[in-house]
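Taking it in order: structure first as structure tokens, then the write-up.
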There are 2 protein chains.
Amino acid sequence: MSEEPTLDEPKRRPTIGDVAKAAGVSPSTASRALTGQGYAAAAVKAKVLAAADQLGYVPDEFARSLKRRTNRLVGVVISDLRNQFYADLAAGIEQVLGAAGYQMVLVNDDGDTDRELAGVRTLLAMRVPGTIVTPLSSEAGALLTSQGVRVVEVDRQMAESQCDAVLVDSEHGARAATGHLLELGHRRIAFLIDELEWTTGVGRLTGYREALRERGVDYDPELVVRVGFGEGSAATAIASLLEVRPDVTAVFAANNLMAEGVWQEMQRRKLRVPKDVSLVAFDDLPWMSMVQPAVSAVSQPVVAMGAKAAELLLARLSGTLTGDPRTVWLEPTFERRGSTRRLPG
Amino acid sequence: MSEEPTLDEPKRRPTIGDVAKAAGVSPSTASRALTGQGYAAAAVKAKVLAAADQLGYVPDEFARSLKRRTNRLVGVVISDLRNQFYADLAAGIEQVLGAAGYQMVLVNDDGDTDRELAGVRTLLAMRVPGTIVTPLSSEAGALLTSQGVRVVEVDRQMAESQCDAVLVDSEHGARAATGHLLELGHRRIAFLIDELEWTTGVGRLTGYREALRERGVDYDPELVVRVGFGEGSAATAIASLLEVRPDVTAVFAANNLMAEGVWQEMQRRKLRVPKDVSLVAFDDLPWMSMVQPAVSAVSQPVVAMGAKAAELLLARLSGTLTGDPRTVWLEPTFERRGSTRRLPG
DNA sequence: CTGTTAGCGCTTTCAT
DNA sequence: ATGAAAGCGCTAACAG
């Protein structure tokens, strides 16, 4: 019979006791040598390290966390990794966390509050000292803070939550985009929005309305279309709106998913952008500058937002930052591209 | 003084002992009631559950894992969340894992073997029973298996690794794409590849060469361009190649990143696709069907690949699947779109 | 059906 | 500078 380990046999991993024995010292000395905490003679330390290396010893983080009553895990709750927005956010977070020796634990909530709560429960069970969340409900954050877990909200903020947050100035971005359309002479601008429960939705709508008000253009509620979350919802929504309101000359899609839907629908209907209808998006994605014409969009510093959130959290965890909750605002920039044109006449 | 918890005070979380006390039973009984393992009178169970709920008790996974000597964590090692390919992969994995009550622990290696090893060490420390990796080196996988951790490789396979794998038939996909170009009359087809160390790179190149051979077209090594990993590398590479070899009529970019680079460079040089040069990509992304003309591409079932890998791993962990390593092959499909045209004459 | 006991692997006083 | 002992929170034997 071969000595090759088969795929099916389990394996007892070396403990600090094994290392200690191999080095001829006590477990406590081995611990001190390994962690660098406390005294350990240089010679002993070397011997322990060698033994550990030889045995392929990797300390059990669970046992360590149990003893130390803390760990270097950070929970991250997002909605959908397949949406590049969230993926970029996670990437930004991971980058900062990793550099600080923290490990990210990603939880997907799929936009579902039940799953969000379940995810939070998982993180609680893992005793993460801190979390970064794109909140769906206020319960999740409340539960976390009630258990003493640090929370930083990113992208959007739940009204009740008394925690740090890193946000993009949606209102400003939406006002810039809408203002741009208005300056080009557009007056009937459709606004597609998928939610009005979060600060993002509200902020974007507010920015839209403010731009109208600034230019003395009447707000027409019929032009504000509430879009569902499913794939194709935006396409359907814009299709029906154009049916009823063929006088619409421009569309403002309040996120990248809806922008994609609208863009697809335009292609399908052989509507020319920007000749037949102008288009602007909130949240810039690579494809928007690759299509013809490129889509004008409000660009958010997504990776930076994630990074900033991680920094804030780390500062809280280390005690560098104390006191009242901080809200960090990041400014989006409006990228004018080819999808908008001046209305003739 | 207010009783509101401030942001800065720590918090002692309730233990199973607290729950037991509140319910007037012993910790072991509380444990049995909570986990459902072992006997517990209905009335007692209810009382314990109520107490736990009331205290907001969440079992400590670390303590539990320490005792049970196993846990429901799965480590996932990928290169770059910002690349939609990896994000989709992670999403597919997460979906299956989550449904089975497992938690994914994501580790980013940024394409760096040192970081890969560090990540593996982290996973080892977390005592994950299984991992899913897009391998960079064979050491990482070897270390994992040597410690008795189950490994499933996705996307690519390290030669030495004796572990399960879920792969896409690169060779077949590349042959289809190249064959398509050949049938359109192209003879001088540039092939852009970023690595030849992995099965993906080798497979794609092999497919390219096989297609040439099948049609009796000579293989011209000069047309195979080794591209760096950095942003813009592909653009530079194709630019220099076209300088030397203006006779190239088609380009095959072996992944989505390089396809994007080439596409950008075409725009910059005002080269018409497919009039001046035809383009095909390996790994289909949404933007490829949105640009004009849409890019013909070999489409990989990325999410399914992640899901399948997770299923395989779960089967191993549960003991449903035993015995020799399995390799699951997934078939890519070639999507013909507008970026290729028949060569006149 | 329930409580007592022991111990998972580690770190940390506290003596020495 | 080192070791012995205790204990983090939990569960699994084992008695009862």
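Proteins come first, then strands; the chains are lettered A, B, ... in the order of their sequence lines, and each starts at number 1.
Between A:R68 and D:dC8 there is no side-chain N or O to OP1 or OP2 distance below 4.0 Å. One finds no side-chain N or O of A:R69 lying less than 4.0 angstrom from the OP1 or OP2 phosphate oxygen of D:dG7. Between B:S31 and D:dT11 there is a side-chain N or O to OP1 or OP2 distance below 4.0 Å. For D:dG3, the OP1/OP2 oxygens have a side-chain nitrogen or oxygen of A:T29 closer than 4.0 Å.
Atoms CD1 (A:I16) and C1' (D:dA5) sit 15 Å apart, rounded to a whole Å.
Across residues 36-58 of chain A, A:Y39, A:A40, A:A41, A:V44 each have a non-hydrogen atom less than 4.0 Å from an atom of DNA chain D (numbered order).
At the heavy-atom level, B:T35 lies under 4.0 Å from the strands shown only through sugar-phosphate atoms. Across all strands, B:T15 comes closer than 4.0 Å only to sugar-phosphate atoms, never to a base (heavy-atom distances).
When distances are taken from the side chain of B:K67 to each of D:dA6, D:dT11, C:dT2, the shortest belongs to D:dT11. Here the side chain of A:L66 is nearest to one of C:dT12, D:dG3, D:dC8, namely D:dC8.
End-to-end axis angle of the helix from C:dC1-D:dG16 to C:dT16-D:dA1, using five pairs per end and rounding to 10°, comes to 40°.
Classification of the B:F62-A:F62 ring pair by plane angle, with boundaries at 30° and 60°, yields parallel.
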